[in-house]
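The next block holds one structure in the form of structure tokens; read it before the comments.
Predicted model, so just to flag it, every value in this text is computed and none were measured. Every number for a ligand or one of its atoms is a count from 1 in the order of the listing.
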Amino acid sequence: MEHQHQWFKDSRYGMFIHWGAYSVAARGEWFANRERIPKAEYTDRYVDQFKAENYDPESWAQLAKEAGMKYAVLTTRHHDGFALWDTKTSDFNAAKMGPERDLVAPFVEAFRKVGLKVGLYYSPAAWYQEDYPGYFFRDWPDESDWKSPESRSRFIDYYRCQLAELMTNYGKIDYLWYDGCAPEDLQLSEVNEQMLQLQPDLLINLRNGEPGHVKICEQAIKAPKEDVMWEACMTLNGHWGYHGGDDCWKRPKEVIRMLCDTAAKGGNLLLNVGPKADGSLPDATIEILRESGRWLSVNGDAIYGSDRTPFSWVNWGKVTARGNKVYLNVLFSPGEELCYSEIKNRVLFAKYLSTGEPVEFEQVGERLFIRQLPVPLPDAIGITIELELDGKPEEILAQTSYWIPE
Ligand code: FHN
């Protein structure tokens, strides 16, 4: 890993923000495609009604900080093609329509101000852009769908110019987050090279070809076989964009379980929020991030900068590691006695991470016993025991087979 990207590993946890004209409809970010809405109707009913009147990115940044997140990625332009910044490539943007101001600059300033890293999401797909093959494709158009070679090259000029604007107009950008929906080879390698010239320390996800740095896994926590930077992006309910009817919220404990899972596998969790059209965040989002952030504020050592562990799964939570420390993140009480039988090393010391209080333990051969675990667990989300080992964590048995095929 290049040194300028060390922040990504140290962070392990970020905020994904899906926000745009589609938030007006309050039924997610794909409704225009699913309901075959023509551009004129989309503009009248959604873009022109998108006012962002309560937009306060400082409150988003404050919440991200309270949640224990270390970076954030904003959707600067989603599949609808409506840009949240003052692009010169088209008037279909927030500075010319709807809010009638650039919404990207305040986001970058607010998150930078509280010391978080800043990422910009960009969707190569642009349903309502005149040279884009069209907006009613079930998924993504392919090569044969271009209206003409001329419209294809105009689209490439448009998309390259927009990316250059984003990587030039807002100072230092830490992360370029492509969405994997490019029709086909849009000169991606040249574009990524160009972005790295504009932003030498830039981290680029691997959803739009090489050069890139971060493998993306969506709505699942599956580590790539090779030990590379990777990130799982997950929704907090069932939608990325704000959906007024979707109350299937994940509980704070599920957020921490996901975070321990990605950290144990040497990856990051990019957890999504979907602000309403006015810019305010749903109450449930705020509550869940604050409560999971409370756990992280006293157990962060188990997550930030974690290494990929050689360990498998346990029946009381998740095991993470960093250096010669192993963290038993007990999320599901096993009762007073916890037995852990994966560590080859000698355990030198054990303590509760949140209080620093020493924990009595006994190592009998391959089995580690902790016998006076509090019942119920004093924290509704769970408690973490830090083990100091006599060296780099080693597993007794390497995991070679998986119930769930890779
Ligand atoms: O279609 C998009 C979806 O709306 C959302 O933006 C996710 C986030 O990773 N990406 C696409 C689906 O893969």
Neighbour count >12 (heavy atoms, 6.0 Å) for atom NZ, K147: yes
For K96, look at atom NZ and say whether over 12 heavy atoms of other residues, nucleotides or ligands are found less than 6.0 Å away. yes
Atom CD of E35: over 12 foreign heavy atoms under 6.0 Å: yes
Residues around ligand 1, heavy atom under 4.0 Å from any ligand atom, sorted by chain and number. Can you pull those? F16, H18, E29, W30, H78, H79, Y121, W177, D179, R207, E218, C233, W240
Less than 6.0 angstrom separating the ring centers of Y22 and F31, yes or no? no
Taking only residues at least two apart or on different chains, which pairs with a member in residues 240-288 satisfy ring pair (Phe, Tyr, Trp, His ring centres under 6.0 Å)? F16-W240, H18-W240, H239-H243
Show your working on side-chain hydrogen bond (donor to acceptor under 3.5 Å, both in side chains) between N268 and Y71 and close with a plain yes or no. CA-CA 11 Å; N268 286 31; Y71 62 106; 3.3 Å; yes
